[in-house]
Structure formats: C-alpha cells, structure tokens
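In each ligand, atom 1 is the first atom listed, and ligand 1 is the first ligand listed.
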Amino acid sequence: MKITVRVNGVDHLREVEPRLLLSDFLRHECGLTGTHVGCEHGVCGACTILWDDEPARACLVFAVQAQGHEIRTVEGLAPGPGQLSPLQQAFQDAHGLQCGYCTPGILMTMTAFLKDNPKPDEPQVREALSGNLCRCTGYQHIVDAVLRAAAT
Ligand code: FES
Ligand code: FES
C-alpha cells in the first residue's frame, strides 16, 4: 500500500506491506532509530511515540493506520539542533538513564504526562511511569528527572 505518514512535521511517502508495524516503519523506512523495540507486544514501553499528542505503543499499530495522524518520536522533542527539551535536559542533569534503551519511550510518555500534569507529585510520576520498564536504573533517578523538569 502507498501511504504517507507525518512524523515530526515531515511527510514520509512509502509503499509498504500492510502488516508493517509502525515501530519498524519509523526505524527502517524513516531512519528514526530513536524509537526502540523491546518486547514487540505492548508491555515494555520502549517503542512509545506520541500519536496526536497521546502516548501510544508503536509496536501495536500498523504503519498504514498512522495515515492522517500526527506522529512524534524522540527525534522531534528537541526545539532545535544541538538543543534539548526541558525534560531531556533534566534527564541529563539528574542522571535519569544508564544504558538508555528505555529512555526514548519514557521521554515520550513523560512529555505527554507533564503536558497534562505540569506540577505532579512523586506518586503521580511513579504511576505514570508504570507502563515503561527500565532494567537499569531502579527508577529513582528517572523520577527525580521528571520532578526536576516539572520544577523548571
Ligand atoms: Fe512496544 Fe515493548 S516494544 S511495548
Ligand atoms: Fe537501561 Fe532503562 S536505562 S533500560
């Protein structure tokens, strides 16, 4: 099928198999490898992107379904080249990552969360994080980074 998917404000016109997952479309067709793939069945959250500003699992939808929707990936978070979003900066400052595999998905989930909840408390941050698995950090520095971003 010929599809056009808008990602980070750019239209990507491709001919793809209907079964192609959005996560694979982003990585292999668009070259946007910041969207990571872990479990490929909706559990780990590594593939989380924004779908019309709402977090969604890119491994649970087909690329053809994304036509007509605004997709945003971690590559679209920074305001410009060489810059970081406030949340990305907070992750750097608070050491909110180790291997970084989970980080893009968490950044997308938390970007949407902070938009809806600009002044969250720690239990709210932990609940919002509960759909994203991290094998490395024990989560404390991730929570610290989100609270830091909210404060700034
Ligand atoms: Fe999509 Fe794990 S790769 S939720
Ligand atoms: Fe390694 Fe989260 S930083 S999985």
Side-chain angles (χ1 to χ4, degrees), residues 1 3 5-8 10 12 14 16-78 83-117 120-152:
M1 296 177 67
I3 59 171
V5 181
R6 192 163 182 80
V7 186
N8 302 328
V10 176
H12 296 265
R14 299 285 189 282
V16 301
E17 292 285 343
R19 65 174 179 265
L20 183 69
L21 295 173
L22 179 58
S23 48
D24 290 332
F25 178 84
L26 293 170
R27 292 178 56 83
H28 303 304
E29 294 291 333
C30 306
L32 297 170
T33 54
T35 298
H36 291 167
V37 172
C39 65
E40 285 194 286
H41 61 215
V43 173
C44 73
C47 67
T48 304
I49 48 91
L50 296 185
W51 175 289
D52 295 335
D53 291 331
E54 295 292 334
R57 306 293 211 220
C59 73
L60 291 186
V61 289
F62 298 114
V64 295
Q65 294 175 280
Q67 283 206 96
H69 296 277
E70 287 283 336
I71 305 300
R72 199 165 164 212
T73 69
V74 70
E75 289 89 347
L77 279 188
Q83 297 177 303
L84 296 175
S85 75
L87 182 62
Q88 289 172 312
Q89 187 64 56
F91 267 69
Q92 185 178 78
D93 295 342
H95 310 291
L97 61 142
Q98 288 183 27
C99 80
Y101 203 83
C102 68
T103 310
I106 289 179
L107 288 171
M108 303 317 285
T109 301
M110 290 296 111
T111 293
F113 169 71
L114 287 173
K115 193 173 163 211
D116 292 341
N117 305 278
D121 58 23
E122 181 170 335
Q124 290 172 321
V125 172
R126 288 186 179 276
E127 185 179 351
L129 270 174
S130 62
N132 290 78
L133 303 184
C134 174
R135 298 172 299 181
C136 308
T137 63
Y139 299 97
Q140 185 58 52
H141 287 195
I142 296 174
V143 172
D144 292 346
V146 176
L147 291 172
R148 190 184 182 108
T152 57

Select the closest option to atom 3 (S) of ligand 2 among Arg135, Gln98, His36, His141, judged by heavy-atom distance.
Gln98
Side chain of [X], backbone of [Y]: donor and acceptor closer than 3.5 Å?
X     : Y      : result
Arg72 : Asp53  : no
His69 : Trp51  : no
Glu75 : Gly34  : yes
His36 : Tyr101 : yes

Cys134 SG to Cys102 SG via atom 2 (Fe) of ligand 2, rounded to 10°, gives 100°
When rounded to the nearest 0.5 angstrom, what is the spacing between CD in Glu122 and CG in Asp144?
7.0 Å
Using a strict 4.0 Å cut-off to heavy atoms of [X], name the atoms of ligand 1 that fall inside it.
X     : value
Val43 : 4 (S)
Gly42 : 4 (S)
Glu40 : 2 (Fe), 3 (S)
Gly45 : 2 (Fe), 4 (S)
Arg57 : 4 (S)

Vertex atom 2 (Fe) of ligand 1, rays to SG in Cys39 and SG in Cys44 - rounded to 10°
110°
Counting from 1 in the order shown, the ligand 2 atoms closer than 4.0 Å to a non-hydrogen atom of Gly100 are 1 (Fe), 3 (S)
Just wondering, do Leu21 and Glu40 contact through their side chains at under 4.5 Å, heavy atoms?
yes
Can you tell me if Gln124 and Glu127 form a side-chain donor-acceptor pair at under 3.5 Å?
no
Angle subtended at atom 1 (Fe) of ligand 1 by SG of Cys59 and SG of Cys47, nearest 10°:
100°
